[in-house]
Amino acid sequence: MLHSLPDLLAAVILTAYWARAMRLAYKMRQQTGNAANFSPPEDIGRKIRILWRPLVVIWIAHFFINSFTGETKLPFLLRPLAQNQIVSWISVTILAAGLSATLLCWKRMGKSWRMGINPDEKTQLIVSGPYAYIRHPIYAIQSFMLLASALLLPSPLMLISCLLMLTFLQWEAHREEKYLIIHHGAGYLDYCRQTGGFLPRSFRAYRNA
């Protein structure tokens with residue numbers, strides 16, 4: 001029996017998000033023999049995935065469980081600490097918009113799309129579209145999706161999981177920038193000076209000098 005339509009819609013949206021990511025990784029493997037660093041060759045990247053992947057499973061599964069389980073039957077860790085229908089539907093709208101925006105970012109990245117870092121690989125630097133304003137639009141969108149998830153289902157487990165994933169996104173963005181500085185040098189530093197990390201520094205698009 002369905003107990004929460006917003007939770008079910010959130011679960012479907014997140015499933016579509018990660019299913020598309022897996023599909024892109026598979027497609028890249030078919031084309032290049034490399035699954036877009038789904039399992040990064042670097043040691044730190046692999047260790048991060050050991051923690052990140054279970055968190056993604058929790059992120060999705062938690063919504064499915066709560067959508068079909070009455071609140072009184074849920075253990076404390078899965079029970080929302082507060083609920084508001086208006087906030088719930090706003091959160092679902094943010095998740096849906098996040099999925100759509102992420103699909104556009106993935107399309108903009110094209111063959112440069114990756115899920116992790118390969119220190120020995122140099123990809124094309126994408127500085128157009130949303131990347132003309134912020135350096136990490138995908139991470140920024142995912143951060144908003146995590147915040148929306150925490151508002152939609154503010155259980156102890158969801159709050160902890162979202163906080164950990166937000167922390168990992170910040171860390172991964174910092175590591176990627178160090179990698180891009182090595183491979184793109186002064187060009188990337190100039191790009192950093194003109195753009196924000198997760199939020200736009202200005203409404204003026206980046207222009208390559």
Side-chain angles (χ1 to χ4, degrees), residues 1-25 51-109 113 115 129-173 195-203:
M1 180 177 177
L2 181 63
H3 285 271
S4 174
L5 180 57
D7 286 351
L8 179 59
L9 291 175
V12 171
I13 291 168
L14 292 174
T15 299
Y17 180 103
W18 289 106
R20 180 55 180 165
M22 296 302 99
R23 172 61 181 166
L24 283 174
L51 295 172
W52 177 262
R53 287 168 183 163
L55 289 172
V56 170
V57 172
I58 290 171
W59 190 12
I60 299 171
H62 195 345
F63 278 119
F64 273 120
I65 291 170
N66 283 54
S67 64
F68 291 104
T69 308
E71 188 175 331
T72 57
K73 296 181 180 179
L74 291 167
F76 172 73
L77 277 177
L78 302 183
R79 194 175 300 166
L81 303 176
Q83 283 185 310
N84 181 287
Q85 282 298 306
I86 295 176
V87 172
S88 294
W89 285 107
I90 290 173
S91 298
V92 170
T93 302
I94 292 172
L95 289 171
L99 171 61
S100 299
T102 301
L103 292 175
L104 292 175
C105 290
W106 285 342
K107 184 176 182 179
R108 175 69 62 172
M109 289 195 74
W113 179 79
M115 296 183 72
Y131 293 89
Y133 301 91
I134 54 176
R135 301 189 295 278
H136 305 286
I138 293 173
Y139 290 168
I141 294 165
Q142 197 172 130
S143 295
F144 280 112
M145 294 176 75
L146 286 165
L147 293 173
S149 297
L151 286 173
L152 172 56
L153 182 51
S155 72
L157 181 59
M158 183 64 81
L159 293 173
I160 292 169
S161 299
C162 288
L163 178 61
L164 287 172
M165 286 189 280
L166 285 167
T167 302
F168 281 136
L169 286 176
Q170 292 287 336
W171 185 21
E172 191 73 355
T195 56
F198 279 56
L199 294 172
R201 184 168 294 174
S202 73
F203 292 104

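- Counting only residues at least two apart or on different chains, the ring pair (Phe, Tyr, Trp, His ring centres under 6.0 Å) pairs with a member in residues 136-155 are His136-Tyr139, His136-Phe198.
- At least one side-chain heavy atom of Met145 sits less than 4.5 Å from a side-chain heavy atom of Tyr17.
- Side-chain atoms of Tyr131 and Cys105, non-hydrogen and from C-beta on, do get closer than 4.5 Å to each other.
- Annotation: the span from Ser143 atom OG to Ile138 atom CD1 amounts to 11.5 Å, rounded to 0.5 Å.
- Residues in residues 129-140 take part in these salt bridge (charged side-chain N to carboxylate O under 4.0 Å, His left out) pairs, two or more places apart or across chains: Arg135-Glu177.
- Judged as a side chain to side chain donor-acceptor pair (under 3.5 Å), not a single pair has a partner in residues 67-79 (not counting sequence neighbours).
- Trp59 contributes atom CH2, which lies 5.0 Å from atom CG of Leu14 (distance to the nearest 0.5 angstrom).
- More than 12 heavy atoms of other residues, nucleotides or ligands shown are found within 6.0 angstrom of CG on Leu2.
- Between the CG atom in Leu95 and the CD1 atom in Ile141 there is a gap of 12.0 Å [rounded to 0.5 Å].
- Under the 4.5 Å side-chain criterion, counting only non-hydrogen atoms from C-beta, Phe64 is in contact with Thr15.
- Going from atom CD of Gln142 over to atom CG of Leu99 covers 11.5 Å, rounded to the nearest 0.5 Å.
- Two residues are said to be in side-chain contact when any heavy atoms from C-beta on lie closer than 4.5 Å; Tyr133 and Thr195 fail this criterion.
- Using a 4.5 Å cut-off on side-chain heavy atoms (C-beta onward), Asn66 and Pro80 make contact.
- When the side-chain hydrogen bond (donor to acceptor under 3.5 Å, both in side chains) test is applied to Ser155, the partners found at least two apart in sequence or on another chain are His62.
- Across Pro200 and Ile134, no two heavy atoms sit closer than the pair N-CG2, 3.1 Å.
- When side chains are defined from C-beta on, Ile90 does not count as touching Leu151, because their heavy atoms never get closer than 4.5 Å.
- If you take OG on Ser149 and CD1 on Ile94, they are separated by 9.5 Å, rounding to the nearest 0.5 Å.
- For the atom pair CG (Leu146) and CG (Leu169), the distance works out to 6.0 Å, reported to the nearest 0.5 Å.
- Residues Leu78 and Ile65 meet the side-chain proximity criterion, which asks for heavy atoms closer than 4.5 Å.
- In this view, Arg20 satisfies the side-chain hydrogen bond (donor to acceptor under 3.5 Å, both in side chains) rule with no residue, not counting sequence neighbours.
- In terms of heavy atoms, Thr102 sits closest to Gly98 at OG1-O, 2.7 Å.
- In this structure Trp89 satisfies the side-chain hydrogen bond (donor to acceptor under 3.5 Å, both in side chains) test together with Gln85, sequence neighbours excluded.
- Met165 approaches Val56 most closely through the heavy-atom pair SD-N, 4.3 Å.
- Between Phe63 and Ala11, the shortest heavy-atom contact is CB-CB, 3.7 Å.
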